[in-house]
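Notes to accompany the following structure.
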Amino acid sequence: MTISVAIIGSGPAGCYTADALLKSDVDVQIDVIDRLPTPFGLIRAGVAPDHQTTKKIQKKFGTTLADPSVRYFGNVDVGRDISLAELRDMYDAVVLAVGAPYDHKLGISGEDKTGVYGSASFVGWYNAHPDLRDLNPALDTKAVAVIGVGNVAIDVARVLVKDEAEMADSDLPAYAAKAIQNSPITDVYIIGRRGPIEAKFTNVELREMGKLEHCVSLVDADQLPDDVGDVDLSDRDKRLKERNLNTLKEFANSKPNDKPKRVHFVFYASPVEILGGDKVEGLKLERTKIEEGRAVGTGEFFEIDCGLVIPAIGYRATPVEGAPFDERRCVVPNDDGRVDDRLYAVGWIKRGPTGVIATNRPDGEIAAKHILEDVQSGEKPGRSALKKLLAKKSIQVVDIAGWQKIEKIENESAKPQAPRLKFETVDDMLAAVNGS
Ligand code: NAP
């Protein structure tokens, strides 16, 4: 009998899992459930709006979701509309692909002031995520401190300093474009608690910061070592570090007044306090040195005047009711993707918030392999039971045809160079599906 699999989450990890199951020659019925009407998780709401090439994978995943063996159940919230326990009763296997969509706290004084927004919230805001489009960040400041030296920090800085023409071929929503273009921001500080060699950004993203129309990227040459040194890394990673160092050396030669805006890379600085009254007025930092790979405070402090602080220090998952959770690592504990009897995890909820979209592909392949090893033949009703329960609860499910309607309207409403004009609320998405 057909094996029924429910995948919770339609981001890259969920879609790669569906893809891997489809590639097997086993008869599988795959249901992909998402709490939003729109699929694709962080591809839609996390990848920067001006990185449309990266977002193109949506097309491939759209084909996966439209496969005859797959059904998309959008607008179904596991936890609110249906429990994990109910799904496990209904399906032969359940896969958790829920990601890590929340912010970590810095844990320093002043974090509750107006003007502090974690990158998960801020990125969701400029990507029109329905939960975050009303964030209304206080952009009435000349200077911004972005904490962390990963790719998300670079995304945030870049989106804040690009002008309207540079964002014309993006899907930045109009409210965010207006807020950013009307803001007086001229200086963005990207702050690393460790050094340039330990920084997490990749070189394509770093180099992009040297090609901005109205913004120069700067770094103090004294913070850059002559070479990468004797690091315990693979040749590939060492080459990446060398490329980053060379790019930063180019930035060190830039002149601050060459262009009206500046991104300052600041290393060896750990945030200790966010300053100001109700609203952010500055950031206090402690200079650090590296000891055995860790940032250690030197007792020397300095301040950066800024009205906005965006910690981009990594994402955080939250527990899924009915599944175990490792509070320290913020993941579902698992053995190579196996969580419990016929329960699996893929993506960031499995291994933490690292890697690019394609990093999720092996997760999906491994989960599919385990499922097909563990479940010899289908015994549970799967889709028919889910449909019955959702109908009984009067949940409006958005299927693939519903998503395609949303997508068509978004594409057709876009300005000439832009790929789409995103719906910003769940109500508007549902109205579009209903043709109202
Ligand atoms: P990340 O790469 O893990 O970077 C997080 C940064 O925050 C690190 O520099 C880290 O420093 C710093 N940090 C953490 N805790 C801190 C603290 N308490 N105080 C000060 N700094 C702190 O995370 P991310 O930038 O959120 O990116 C997540 C994943 O998505 C990454 O794998 C990234 O490559 C990927 N991504 C890729 C792209 C792209 O390919 N274009 C775009 C966006 C995201 P330490 O190293 O010292 O811990």
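Counting starts at 1 for both ligands and their atoms, in listed order. From a predicted model like this one, the values you see are computed outputs, not experimental measurements.
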Tyr344: partners by ring-ring contact (aromatic ring centres under 6.0 Å, His included), with sequence neighbours left out: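 Expected list: none.
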
Please report whether ligand 1 has a polar contact with [X], defined as an N or O pair separated by less than 3.5 Å (distance criterion only).
X: Val152; answer: yes
X: Lys200; answer: yes
X: Val149; answer: yes
X: Thr202; answer: no
X: Gly355; answer: yes
X: Glu205; answer: yes

Any [X] side-chain heavy atom under 4.5 Å of [Y] side chain:
X: Val296; Y: Thr288; result: no
X: Ile190; Y: Val263; result: yes
X: Lys422; Y: Arg44; result: yes
X: Val339; Y: Pro324; result: yes

For ligand 1, is [X] a contact, meaning one of its heavy atoms is under 4.0 Å away?
X: Ser270; value: no
X: Gly192; value: no
X: Val356; value: yes

Of all the non-hydrogen atoms in the protein, which one sits nearest to [atom], and at what distance?
atom: atom 12 (C) of ligand 1; answer: Gly148 CA, 3.8 Å
atom: atom 36 (N) of ligand 1; answer: Asn151 CB, 3.8 Å
atom: atom 4 (O) of ligand 1; answer: Gly150 CA, 3.7 Å

Determine whether the side chains of [X] and [Y] contain a donor N or O and an acceptor N or O closer than 3.5 Å.
X: Arg239; Y: Asn203; answer: no
X: Gln52; Y: Asp171; answer: yes
X: Asp67; Y: Thr64; answer: no

With atoms numbered from 1 as shown, which atoms in ligand 1 lie under 4.0 angstrom from a non-hydrogen atom of [X]?
X: Ile313; value: 5 (C), 7 (O), 13 (N), 14 (C), 15 (N), 16 (C), 21 (N), 22 (C)
X: Asp155; value: 42 (C), 43 (C)
X: Thr354; value: 32 (O)
X: Tyr315; value: 26 (O)

Return the option from [options] holding the heavy atom at the smallest distance from [atom].
atom: atom 47 (O) of ligand 1; options: His51, Arg194, Lys105, His104; value: Arg194
atom: atom 6 (C) of ligand 1; options: Ala358, Ala312, Gly314; value: Ala312
atom: atom 18 (N) of ligand 1; options: Glu208, Glu198, Arg193; value: Arg193

Using a 4.0 Å heavy-atom threshold (strictly under), name the region of [X] that reaches ligand 1: side chain, backbone, both or neither.
X: Ile147; value: side chain
X: Pro353; value: backbone
X: Phe201; value: neither

Ring centers of Trp403, Tyr72 separated by less than 6.0 Å: no

Ring center gap for Tyr16 and Phe61 short of 6.0 angstrom: yes

Test: Arg193 cationic atom under 6.0 Å from Tyr268 six-membered ring centre, within 45° of axis: no

Non-hydrogen atoms of Glu286 and Gly299 that approach each other most closely: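 Nearest heavy atoms, Glu286 then Gly299: OE2-N, 2.7 Å.
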
Sequence-distant partners of His214, side-chain hydrogen bond (donor to acceptor under 3.5 Å, both in side chains), two or more places apart: Asp163

